[in-house]
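Position 1 is the first residue of the sequence; numbering continues from there. Keep in mind it's a predicted model, so treat the numbers as computed, not measured.
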Amino acid sequence: MLILLPPSEGKSAPRRGRPLDTGTLSSPTLTATREQVLDALVDLAERPDAAEVLGLGGTQADLVALNARVRTAPTARADAVYTGVLYDALGFDTLSSAAKRRATSRVAITSSVFGLVRPGDRIPAYRLSGDVSLPGLGPVAGLWRDVLGSAVEDAVGSGLLMDLRSTMYAAFWRPPTTSPIRVATVRVLHEVAGTRKVVSHFNKATKGRIIHDLLESGANPRTPKALASAIADLGWHVELGEPTLRGSQLDVVVREV
């Protein structure tokens with residue numbers, strides 16, 4: 001099973017560590033595109049309109065500076081750089097030794113700069129949202145759309161893809177209807193007085209907890225149905241939707257926040 005996560009907008013900037021070496025990152029087929037994006041990001045940081053292009057406010061000049069030194073800044077493991085609601089709930093640093101080993105091979109993170117990274121890949125902090133259009137290169141999503149599919153397929157192999165990306169990052173690559181990959185997406189619904197709705201913050205936190213539980217349990221389901229059973233075995237209420245050409249959706253229904 002491959003658990004595919006979105007990145008976090010906020011990141012923890014490493015204070016020490018060697019600078020970025022793209023040759024050491026997983027999914028080496030993405031190296032050429034990574035280099036293109038890195039060059040464009042550094043060049044953009046020198047422009048007076050950098051903050052505007054990146055969709056940043058006037059008080060976020062420090063994030064432009066972060067991009068300016070993305071090639072020379074200290075790096076750390078990706079699972080320590082990415083922060084936010086989902087990652088806090090997942091708690092990579094709280095996993096048992098066995099669960100951390102599983103995360104190394106079963107978790108991947110979508111990245112606007114690096115395409116796909118594993119928890120152990122050493123990266124710097126940066127700021128580049130998936131909806132940005134880079135001068136000279138165009139929309140970030142379009143850059144990755146042509147190359148990300150083969151990297152994901154290699155990472156999944158004959159297993160199941162548990163796709164937890166947000167809408168923005170799902171645009172980087174969508175499994176084609178002809179793909180042999182088995183895909184499961186997960187939606188978290190909060191039910192109150194018989195009414196169900198998606199709540200963004202709670203949705204992210206619940207997904208993080210589910211991933212934590214799956215990694216600790218050692219479950220390695222190979223079909224959406226088996227994944228639904230594994231999540232249910234962990235105490236969650238799960239409803240499996242009808243399969244479509246692009247996979248199956250699992251609804252996790254929670255009544256208490």
- Could you give me the CA-CA distance, side-chain angles and deciding distance for Leu161 and Leu4, then say whether side-chain contact (heavy atoms from CB on, under 4.5 Å) is met? CA-CA 7 Å; Leu161 174 63; Leu4 187 56; 3.9 Å; yes
- Message: For Met162 and Leu2: C-alpha separation, side-chain torsions, deciding distance, then whether side-chain contact (heavy atoms from CB on, under 4.5 Å) applies.
- Response: CA-CA 6 Å; Met162 183 180 180; Leu2 180 71; over 6 Å; no
- Task: Just do the side-chain contact (heavy atoms from CB on, under 4.5 Å) check on Asp251 and Val238 with the steps written out, would you?
- Result: CA-CA 6 Å; Asp251 283 343; Val238 186; over 6 Å; no
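Counting heavy-atom neighbours within 6.0 Å of Lys11 NZ, excluding the residue itself, gives a total above 12. Crowding of Glu9 atom CD: a count of heavy atoms from other residues, nucleotides or ligands under 6.0 Å exceeding 12. Within a 6.0 Å sphere centred on NZ of Lys100, other residues, nucleotides and ligands contribute more than 12 heavy atoms.
Remark: Ser111 engages Tyr126 in a side-chain hydrogen bond (donor to acceptor under 3.5 Å, both in side chains) (not counting sequence neighbours). Applying the salt bridge (charged side-chain N to carboxylate O under 4.0 Å, His left out) rule to Asp213 yields no partners; only residues at least two apart in sequence or on another chain are considered. For Asp39, the side-chain hydrogen bond (donor to acceptor under 3.5 Å, both in side chains) partners two or more places apart in sequence, or in a different chain, are Arg71. In this structure, the salt bridge (charged side-chain N to carboxylate O under 4.0 Å, His left out) partners of Glu239, at least two apart in sequence or on a different chain, are Arg196. With sequence neighbours left out, the side-chain hydrogen bond (donor to acceptor under 3.5 Å, both in side chains) criterion links Asp49 to Arg47.
Remark: side-chain polar atoms of Thr83 are paired, donor with acceptor, to backbone N or O of Gly10 under 3.5 angstrom. Asn67 contributes no side-chain N or O that, together with a main-chain N or O of Val64, makes up a donor-acceptor pair within less than 3.5 Å. Using a distance-only test at 3.5 Å, with no hydrogens or angles considered, a donor-acceptor pair links the side chain of Arg165 to the main chain of Tyr169. In this structure a side-chain-to-backbone donor-acceptor pair under 3.5 Å is present from Asn220 to Met1. Listed for the Ser27 side chain is no donor-acceptor partner under 3.5 Å among the backbone atoms of Thr29. A donor-acceptor pair under 3.5 Å is formed between the side chain of Glu216 and the backbone N or O of Ser96. In this structure, the side chain of Thr195 does not engage the main chain of Glu191 through any donor-acceptor pair within 3.5 Å. Using modelled atom types, one side-chain atom of Arg145 and one backbone atom of Ala171 make a donor-acceptor pair closer than 3.5 Å. In this structure, Arg118 contributes its side chain and Ser105 its backbone to a donor-acceptor pair below 3.5 Å. A donor-acceptor pair under 3.5 Å is absent between the side-chain atoms of Ser129 and the main chain of Val132, judged by distance alone.
With 3.5 Å as the limit, one finds no donor-acceptor pair spanning the side chains of Asp62 and Gln60. Side-chain contact of Arg246 with Thr185: a donor-acceptor pair under 3.5 Å is absent, judged by distance alone.
Put simply, Val53 and Leu137 are part of the same group of oily side chains (I, L, V, M, F, W, Y) that touch within less than 4.5 Å, one to the next.
Each of Leu20, Val113, Leu25 was compared with Arg34 under the side chain to side chain contact (heavy atoms under 4.5 Å, CB included) criterion, and only Leu25 meets it. A side chain to side chain contact (heavy atoms under 4.5 Å, CB included) with Trp236 is found for exactly one of Leu250, Thr206, Val188, namely Thr206.
The two atoms that bring Ala40 and Leu134 nearest to each other are CB-CD1, 4.2 Å, heavy atoms only. Nearest approach of Leu128 to Ser112, heavy atoms of both residues: O-OG, 3.0 Å. Minimum heavy-atom separation, His212 to Thr94: NE2-OG1, 3.4 Å. When every heavy atom of Pro124 is checked against every heavy atom of Phe114, the shortest pair comes out as CD-CZ, 3.9 Å. Pairing each heavy atom of Pro175 with each of Val183, the nearest pair is CG-CG2, 3.9 Å. Closest approach of Gly130 and Met168 over heavy atoms only: N-SD, 3.3 Å.
Each side chain to side chain donor-acceptor pair (under 3.5 Å) pair with one or both residues in residues 16-25, not counting sequence neighbours, appears once here: Thr22-Glu35.
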